[in-house]
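These notes are about the structure you will find just below.
Throughout, numbering of the chain's residues begins at 1 and tracks the sequence. No hydrogens, no waters, no symmetry mates; every other heavy atom, side chains included, goes into these values.
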Amino acid sequence: MKHTISVTEEDIKKGEPGNCSRCAISQALIRKFKTDEVSTEVDGGDVILLVKEKEYQVNHMHESDVLDFIFDFDQEDGWSEAKPIKFEIIENEGSNG
């Protein structure tokens with residue numbers, strides 16, 4: 001199943017750089033899925049999003065933009081560089097949940 005994730009200015013302001021469960025993308029996931037059980041991770045160049053133990057991947061067309069966003073956001077003053085972003089995620093087949 002596909003979902004569209006919109007990371008807003010508010011998510012960027014509330015987000016904590018370097019915190020997988022509280023970064024700007026995780027703030028957007030919390031809002032979208034109405035749960036605190038979220039995590040945003042980068043594994044070997046792949047963005048892995050966890051929501052209630054279900055694993056999602058970023059649509060390949062958006063993945064480099066999302067990686068750039070994460071890099072900008074996680075910089076010491078990254079919140080000033082990160083801009084709102086919208087992307088699609090897809091639930092991984094065989095993911096727990």
Side-chain angles (χ1 to χ4, degrees):
M1 174 177 258
K2 285 185 186 180
H3 299 276
T4 299
I5 305 301
S6 296
V7 181
T8 65
E9 283 285 347
E10 187 65 25
D11 295 327
I12 293 168
K13 288 177 188 171
K14 283 176 58 176
E16 298 175 22
N19 184 333
C20 296
S21 298
R22 296 286 173 242
C23 69
I25 291 174
S26 288
Q27 295 294 334
L29 294 174
I30 289 167
R31 216 172 9 82
K32 174 80 173 181
F33 292 98
K34 297 177 183 19
T35 181
D36 284 339
E37 295 178 53
V38 301
S39 181
T40 301
E41 302 172 13
V42 178
D43 180 22
D46 294 325
V47 179
I48 305 296
L49 305 173
L50 298 171
V51 179
K52 290 186 177 179
E53 299 183 17
K54 285 187 181 179
E55 189 174 289
Y56 294 83
Q57 65 187 53
V58 175
N59 181 319
H60 69 279
M61 292 179 3
H62 303 137
E63 193 157 36
S64 64
D65 292 337
V66 174
L67 285 166
D68 288 345
F69 176 89
I70 291 169
F71 177 81
D72 289 344
F73 183 79
D74 281 345
Q75 296 306 301
E76 190 159 321
D77 69 343
W79 58 269
S80 63
E81 295 295 320
K83 303 285 185 238
I85 186 173
K86 184 183 281 190
F87 57 93
E88 285 185 351
I89 61 173
I90 303 150
E91 185 176 342
N92 283 347
E93 295 299 319
S95 133
N96 296 336

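- Ile5 and Lys32 make their closest contact through CD1-CG, 3.9 Å (heavy atoms, listed as atom of the first residue, atom of the second, distance).
- The line from CE of Met1 to CD of Glu91 is 8.5 Å long, rounded to the nearest 0.5 Å.
- Legend: residues meeting ring-ring contact (aromatic ring centres under 6.0 Å, His included) with Phe33, ordered by chain and number and at least two apart, are His3, Tyr56.
- Here Asn59 pairs with Glu88 under the side-chain hydrogen bond (donor to acceptor under 3.5 Å, both in side chains) rule; sequence neighbours left out.
- Taking CD of Glu55 as the start and CD1 of Ile90 as the end, the distance is 12.5 Å to the nearest 0.5 Å.
- Cluster membership check: Val7 does not share its hydrophobic cluster with Leu50, using side-chain heavy-atom separations under 4.5 Å among Ile, Leu, Val, Met, Phe, Trp and Tyr.
- Put simply, CD1 on Ile12 and CD1 on Ile25 are 9.5 Å apart, with the number rounded to the nearest 0.5 Å.
- Scanning for side-chain hydrogen bond (donor to acceptor under 3.5 Å, both in side chains) contacts around Gln57 gives an empty result, with sequence neighbours left out.
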For residues 14-24, please give each side-chain donor-acceptor pair under 3.5 Å, one per line with the distance, not counting sequence neighbours.
unit_1, atom_1, unit_2, atom_2, d
Glu16, OE1, Asn19, ND2, 2.9
Asn19, OD1, Ser21, N, 3.0
Asn19, OD1, Arg22, N, 3.3
Ser21, OG, Val38, O, 3.4

For a quick test of your reading: what N or O donor-acceptor pairs under 3.5 Å do the side chains of residues 40-47 make, sequence neighbours left out?
unit_1, atom_1, unit_2, atom_2, d
Thr40, OG1, Ser26, OG, 2.9
Glu41, OE2, Ser39, OG, 3.0

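- Shortest non-hydrogen contact noted between Pro84 and Glu9 is CD-OE2, 3.4 Å.
- The line from NZ of Lys52 to NZ of Lys34 is 10.5 Å long, rounded to the nearest 0.5 Å.
- Here the closest non-hydrogen pair linking Lys86 and Ser6 is CE-OG, 3.2 Å.
- Taken together through direct or relayed side-chain contacts under 4.5 Å among Ile, Leu, Val, Met, Phe, Trp and Tyr, Val58 and Ile30 form part of one hydrophobic cluster.
- Partners of Thr8 under the side-chain hydrogen bond (donor to acceptor under 3.5 Å, both in side chains) rule, at least two apart in sequence or in another chain, are Asp11.
- Rounded to the nearest 0.5 Å, atoms CD1 (Ile89) and CG (Leu29) are 6.0 Å apart.
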